Amino acid sequence: MSAVVPGFVVRIRPEEGAPPMEILTNDPDLLRRFREGDRQAMAEVYWATVDKVERLLRKRLSAAGVAWASSSASDLEDLVQEVFIRAFTPQARLGYDGLRPYLPYLFTIARNTIIDWWRRRGREIPAGASLDESLDEAAVAGAPDAAAAYADARTMALVERFVRALPVELRSVHEARFDRGLSQRDAAAALGIGRQTLRTLERRLTDQLRAALAEAPAEAQPVAAAPRREA
Amino acid sequence: VKYSDQDLERLLARGRLSGATRERILARALDQAAPSPARRRVRLISLIALTLAVGSTAVVLLVARPRLDDGQWGAKGSGAQAAVALDARCSEQAVCRAGSTIVFSAFGARGDGYLGAYAQPVAGGERIWYFSAETDAPLVAASARSTQPAGRGVVVGAEHRPGVYQVHLFLSSAPLTQAVLLAGDDPRILARAVVPLTVAGP
């Protein structure tokens, strides 16, 4: 799919690179380098699968009742990181045979990671987080992301307004880097701009959001010091 | 509320991981799995330096060690700084009930700190704030040598539905707002902990 906006060419492709199910199984050279611990090969595998892993973890945690507020964003980051640290150990790389699809293998690592994570945190594993059900890639990839809380309601409303009001060049950058989570290299290529320009636009985005948050009227202070439920 | 660049990245990503975050994750994962040649060199140099330092210290100790009975040789002070332990519980009971008081405490902090706390129902539901700059962040005295209770407890009321909660605790050098505590990466946070808390029905 391709959309043209003034001043920018935005190429929107549903899938970038090799589909993750096929990564490593149809590329013997990549498989060999991956198993040897080549950083470039591991990075290639990472970018082909990180979106699916992130989505899986987010859904499973959400199903287990973890509210995705801003505090949990760092938990998600930690979990995704731990999955790939485990996946990139020599044992895990050499343990993959290269014959069967790689993603289910990676999801098994994700399952073990999240179970360990629950044990460390609450010592109880909620039923929804155990990933006992089939780790079907289609189910993970196909299901749309549910709208989830990522901050308090007031901040979310402000961010949503901010994003909707972005000029087209910043909206394209926002979509590539923050909605789709593309690497700087892929985002720059998708937007048809240089990486330095992309960095400048990203900086402008964050600076403008910071200013918008600072200009927002202050929230009414609670009058009672008693524990309260969030609005 | 001051937002760091990472706070803003997270807000812009709206619950997902931004490209920059994914890049950081990849860098850290690769560094653990296959350190770059430059990093390997740094690690090797560090290892050599550490070995030399340990060896030199051992030599100094062997040569300069006083007699054990001279009354001057031995560990002084509290030794290595222990990690700060934060806790929240209903007195000595394993399970809280309506009317119980949740008591908060700290152990191992070398200086005074402000307590921030909230409870997150594990089964889902609304977060319950106990302490933050918006309401009240009690000061907890230095607790390097003994457990120090916070000056305030929380009475379990109707806002606590029966179930399991994860209580997030923070000790900080200044009272911090809810947003800053939720972000969790402010340098003023001295220690943090998550402890389970079970609230039983009537």
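Chain identifiers are assigned alphabetically (A, B, ...) following the order of the sequence lines, protein sequences preceding nucleic acid strands; residue numbering begins at 1 within each chain. Predicted model, so just to flag it, every value in this text is computed and none were measured.
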Revision key, fill the gap. Smallest heavy-atom separation, B/Leu17 atom then A/Glu54 atom, equals N-OE2, 3.0 Å
Review point. With a 4.5 Å limit on heavy-atom distance, are the side chains of A/Asp179 and B/Arg14 in contact?
Key: yes
Check your understanding: Going by heavy atoms in the side chains, are A/Arg120 and B/Val194 under 4.5 Å from each other?
Key -> no
Exercise for review: May I ask you to test the B/Gln32-A/Phe84 pair for a side-chain heavy-atom distance under 4.5 Å?
Suggested key: no
Exercise for review: Return the option, out of A/Arg93, A/Glu202, A/Glu160, with the maximum number of heavy-atom pairs under 4.5 Å with chain B.
Suggested key: A/Glu160
Point to revise | B/Ser18 OG to A/Arg180 CZ distance, which is reported to the nearest 0.5 Å | key: 14.5 Å
Tell me which donor-acceptor pairs under 3.5 Å the side chains of residues 161-168 of chain A have, and how far apart each pair is, sequence neighbours excluded?
none

Point to revise | A/Gln40 atom CD, neighbour heavy-atom count above 12 within 6.0 Å | key: no
Review point. Considering all heavy atoms of both residues, which atom of B/Ala29 and which atom of A/Ile85 are nearest to each other, and what is their separation?
Key: CA-CG1, 3.7 Å
Check your understanding: Is the backbone of B/Ile25 close enough, under 3.5 Å, to the side chain of A/Glu77 for a donor and an acceptor to pair up by distance?
Key -> no
Exercise for review: Taking only Lys NZ, Arg NE, NH1 and NH2, and the carboxylate oxygens of Asp or Glu, determine whether B/Asp5 and A/Arg203 approach each other closer than 4.0 Å.
Suggested key: yes
Review point. CG/B/Leu12 to CG/A/Leu209 distance, rounded to the nearest 0.5 angstrom?
Key: 5.0 Å
Check your understanding: Can you find a heavy atom in the side chain of B/Arg16 that is under 4.5 Å from one in the side chain of A/Arg58?
Key -> yes
Check your understanding: Is the shortest heavy-atom distance from the side chain of A/Glu82 to the side chain of B/Arg28 under 4.5 Å?
Key -> no
Exercise for review: Measure the CG-CZ distance between B/Leu8 and A/Phe178 for me, rounded to the nearest 0.5 Å.
Suggested key: 9.0 Å
Check your understanding: Any chance CZ of A/Arg199 has more than 12 other-residue heavy atoms, nucleotides or ligands included, within less than 6.0 Å?
Key -> yes
Point to revise | Nearest heavy-atom neighbours spanning A/Leu76 and B/Gly15 | key: CD2-O, 4.1 Å
Check your understanding: Of the backbone (N, CA, C, O) and the side chain (C-beta and beyond), which part of B/Ala119 lies under 4.5 Å from a heavy atom of chain A, both, or neither?
Key -> neither
Check your understanding: Given side chains that start at C-beta, do those of A/Leu213 and B/Tyr3 come closer than 4.5 Å, heavy atoms only?
Key -> yes
Point to revise | B/Arg22 bridged to A/Asp186 by N-O distance under 4.0 Å | key: no
**Study point:** Salt-bridge contact A/Arg177-B/Glu9 (side-chain N to carboxylate O under 4.0 Å)
**Key:** no
Check your understanding: Side chain, backbone, both or neither: which part of A/Ala187 has an atom under 4.5 Å from a heavy atom of chain B?
Key -> neither
Check your understanding: Quick one: of A/Thr89, A/Asp38, A/Val80, A/Asp207, who has the most non-hydrogen atom pairs under 4.5 Å with chain B?
Key -> A/Val80
